[in-house]
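Every number for a ligand or one of its atoms is a count from 1 in the order of the listing. Note: hydrogens, waters and symmetry copies are ignored here, and every other heavy atom, side chains too, is used. If you're wondering where the values come from, they're calculated on a predicted model, not measured in any experiment.
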Amino acid sequence: VRVDELRTPALVVDGDAFTRNLRTMSAALPGPRLRPHVKAFKSTAIARELVAAGHRTLCGATLRELAGLAIIGIGDDLLLANESLDEDHLWEVAASGVRVTVAVDSPETIAVAAAAGVREVLVDVDVGMPRCGCRPTDAGRLAGEARAAGLEVRGVMGYEGHLMTTDPAAKAEQVAAAMEPLAVAHADVGGEVVSGGGTGTYAVNTWCTEIQAGSYLLMDSHYGATEVPFEQALHLVATVISVNRSGGWAVADAGLKALGMDHGDPTIDGARVWFCSDEHTTFSPLDGGPLPRVGDRVRIVPAHVDPTVAYHERFHVVSGDEVIDVWPIDLRGW
Ligand SMILES: Cc1ncc(COP(=O)(O)O)c(C=O)c1O
């Protein structure tokens, strides 16, 4: 099958760019120095590629992601890099027999982990992004509570998500400032693991023993605008369904129901995107270039890879114009 023959909108992954991205990161962070984050691609096929490249420690944001890996037996050290109170679902993952570690930041999440039969936890620490994580000064106490509940405390986690796309000149300093309280918390908690980081900070975060990166494999225009050494491997292929010659715009058949929009509009090489609506992207060629024709295909670069992927059921892996493989996006849902 050729890309031109795909039903649109369709997610395509350039297999060579994907492999280069994978290798670039694996060279920088080999084996367990990287804990690939499956939330960015939600696909066991990609998780298998990572395991084949030596990354057997994986993490996820949802129990669906973790269960999908655990049940098939992909990876041998899985981290739920998130809090959960879903005891039944946690129990299912813990009972799979795979090594499973869960992030905790409260007495409630500790109690649920213990009741679900989870054996190991990381104490999640707030490092400046207003989301999950306890106060650094509470980490030691929570670790004590976890141990008293019979849990093994492997260390700490602290995700500096607010620093992923900051200016490179300021990034190292800001990451250092965010990691300082994590190091203090780690001293109180003990254990060997300091987990955090992502595609935007992996090169400067020297505090974490393992980096939780995921977007680097497929990439998006948000990260593409930063200094990271990864290529755009993912495109959303759409068909031009209408052209307005007097107005100078064209309309493709993919809109915000096929694209994560929280980081803004997607981009199209050589064109200006005007806006997206439910099932449409309106765009015009740059510099007075020719308008496309009805029926032409366009390649849209999503602004945010993770939510874009979650809208779709499969990746079409391509080599040039040929579809050479299909990777199901089988870890969607919760
Ligand atoms: C807990 C956690 N760790 C790591 C990441 C890093 O992901 P990425 O490589 O996409 O920046 C994320 C992304 O949101 C996250 O939520």
Side-chain angles (χ1 to χ4, degrees), residues 18 21-22 24-26 28-29 32-43 46-47 50 55 57-66 77-84 101-105 109 121-134 154-166 168 171 174-175 178-179 182 185 193-205 207-234 260 262-263 301-310 329 331 334:
F18 172 88
N21 288 345
L22 186 142
T24 299
M25 185 63 101
S26 294
L29 298 173
R33 284 281 292 122
L34 181 71
R35 190 181 276 281
H37 209 318
V38 303
K39 80 184 180 69
F41 48 83
K42 289 183 179 284
S43 167
I46 294 184
L50 287 159
H55 305 293
T57 59
L58 303 161
C59 67
T62 67
L63 282 168
R64 171 79 195 99
E65 291 164 0
L66 244 66
D77 177 349
L78 305 180
L79 167 68
L80 180 67
N82 199 3
E83 278 61 19
S84 176
T101 304
V102 169
V104 293
D105 71 352
T109 45
V121 295
L122 292 182
V123 176
D124 192 1
V125 179
D126 171 11
V127 296
M129 179 169 77
R131 211 172 67 179
C132 300
C134 67
R154 292 182 70 186
V156 292
M157 162 175 150
Y159 175 56
E160 73 283 22
H162 56 305
L163 303 177
M164 287 297 143
T165 55
T166 46
K171 196 182 281 184
Q174 290 182 18
V175 169
M179 290 296 119
L182 188 61
V193 176
V194 180
S195 197
T199 298
T201 60
Y202 83 95
V204 294
N205 187 330
W207 289 263
C208 286
T209 58
E210 55 176 45
I211 297 290
Q212 304 172 359
S215 298
Y216 74 97
L217 285 165
L218 300 174
M219 287 292 285
D220 56 34
S221 64
H222 196 60
Y223 268 135
T226 71
E227 80 293 1
V228 294
F230 305 110
E231 300 167 49
Q232 190 60 44
L234 178 77
D262 61 314
H263 288 168
V301 179
H304 193 181
V305 57
D306 313 54
T308 300
V309 164
I329 303 172
L331 302 176
W334 288 271

Close side-chain approach of Y202 and L29, heavy atoms under 4.5 Å: yes

Side chain to side chain contact (heavy atoms under 4.5 Å, CB included) partners of T57, counting only residues at least two apart: P32, R35, D77

Parallel, tilted or perpendicular: ring planes of H304 versus H263, cut at 30 and 60 degrees: parallel

Contacts of S26 that satisfy side chain to side chain contact (heavy atoms under 4.5 Å, CB included) - sequence neighbours left out: L22, A53, H55

Sub-4.5 Å side-chain heavy-atom contact between E160 and M129: no

By side chain to side chain contact (heavy atoms under 4.5 Å, CB included) - contacts of A213 (at least two apart): M25, L34, T199, I211, Y216

Tabulating one pair per line, provide the atom names and distances (0.1 Å) for every N/O atom of ligand 1 that is less than 3.5 Å from a protein N/O atom.
unit_1	atom_1	unit_2	atom_2	d
ligand 1	3 (N)	Q212	OE1	2.6
ligand 1	9 (O)	T199	N	3.0
ligand 1	9 (O)	T199	OG1	2.6
ligand 1	9 (O)	G214	N	2.7
ligand 1	9 (O)	S215	N	3.3
ligand 1	10 (O)	S215	N	3.2
ligand 1	10 (O)	S215	OG	2.3
ligand 1	11 (O)	T199	N	3.4
ligand 1	11 (O)	Y223	OH	2.5
ligand 1	14 (O)	K39	NZ	2.8
ligand 1	14 (O)	Y159	OH	3.2
ligand 1	16 (O)	R131	NH2	2.9

